[in-house]
S.K.: 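First the structure, which I've put down as structure tokens, then a few questions once you've had a look.
All values below were derived from every heavy atom in this structure, side-chain atoms included, with hydrogens, water molecules and symmetry-related copies excluded.
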Amino acid sequence: ARCQRLAQRPATDEDMATADWYAFLAEAQDEVIGMIATHHPAAVANTPTQLTTSDGGLTYVFPSASTAPPLVIVELTNGQGGTPVTFGGYGTDYGEFVWEGNTLRAARNSARTFANGLWGRWVTVGGSLDGSTAPILPLQYRTLLVPLAVSKYATRGGYRDPAPYEAEFQRLWSGDPRRMGDFGLLGTL
């Protein structure tokens, strides 16, 4: 509904179904998550979560990354709040793990087990959105989704001018240059 209002579209719209707006919002969320993760990944990372192994410690799987691998690994420790583990190459003498998409493989194929488990924080893409699936972005960043989604809508087919929606997104993201001290959401990172 917020997208329709910003785009000045009627409630019953042959041009855009509700599912189409949700698809644009999901696409916008993935883009915003990537932007935030570039500057401060911990702001959009999950809570500490234990990784699991099904092969005695040769590989560990990111549980919430079944459809897509993490964008960024923020923290990986042996035990909740434990010592950070290191990354290296498959056959190198340094590093404990090699990152393989949504799996971590023990370096040198030498199994690694931990008394308190392997715990991590990472950034993933948001996935689909609908009437019962909320965005995974923290609340303060969700304001970015509507103008970006409407900009994507305006760009589709080249029939509308996306500039006003892009300007609103830019104002929210990096502030209004006419207001001294307004650094937008980017400034909070």
S.K.: Is there a side-chain contact between His39 and Leu186 in this structure, where contact means two heavy atoms from C-beta onward sitting under 4.5 Å apart?
M.R.: yes

S.K.: Applying side-chain hydrogen bond (donor to acceptor under 3.5 Å, both in side chains), which residue pairs with at least one partner in residues 71-82 are found, sequence neighbours left out?
M.R.: none

S.K.: State, to 0.1 Å, how close Gly89 and Ala107 come at their nearest heavy-atom pair, and which atoms those are.
M.R.: O-CB, 3.8 Å

S.K.: Grab the two heavy atoms, one from Thr59 and one from Arg105, that are nearest each other, plus how far apart they are.
M.R.: CG2-NH1, 3.5 Å

S.K.: Could you verify whether a donor N or O on one side chain and an acceptor N or O on the other, from Glu27 and Tyr22, lie under 3.5 Å apart?
M.R.: no

S.K.: Only one of Tyr60, Phe62, Tyr90, Phe87 forms a ring pair (Phe, Tyr, Trp, His ring centres under 6.0 Å) with Phe97, so which one is it?
M.R.: Tyr60

S.K.: Quick one, Thr188 and Gln140 - any side-chain contact, counting heavy atoms below 4.5 Å?
M.R.: no

S.K.: Are Asn102 and Val61 packed together at the side-chain level, in the sense that at least one heavy-atom pair is separated by less than 4.5 angstrom?
M.R.: no

S.K.: Is any side-chain heavy atom of Leu144 closer than 4.5 Å to one of Trp173?
M.R.: yes

S.K.: Only counting residues at least two apart or in another chain, list the ones meeting side-chain contact (heavy atoms from CB on, under 4.5 Å) with Arg160.
M.R.: Arg9, Asp15, Tyr153, Ala154

S.K.: Using the rule side-chain contact (heavy atoms from CB on, under 4.5 Å), only one of Leu145, Thr143, Leu185, Val44 pairs with Val32; which is it?
M.R.: Leu145

S.K.: Checking Thr53 against Asp55: is there a side-chain donor and acceptor pair closer than 3.5 Å?
M.R.: yes

S.K.: Look up atom CG in Leu137 and atom CD in Gln29, then write down how far apart they are to the nearest 0.5 Å.
M.R.: 4.5 Å

S.K.: What pair of heavy atoms forms the shortest contact from Gln50 to Asn116, and how long is it?
M.R.: NE2-O, 4.0 Å

S.K.: Leu25 and Cys3: which non-hydrogen atoms are nearest, and at how many Å?
M.R.: CD2-SG, 3.7 Å

S.K.: Hey, is CZ on Arg156 packed in by over 12 heavy atoms from elsewhere, all under 6.0 Å?
M.R.: yes

S.K.: Does Leu172 reach the side chain of Glu168, with side-chain heavy atoms less than 4.5 Å apart?
M.R.: yes

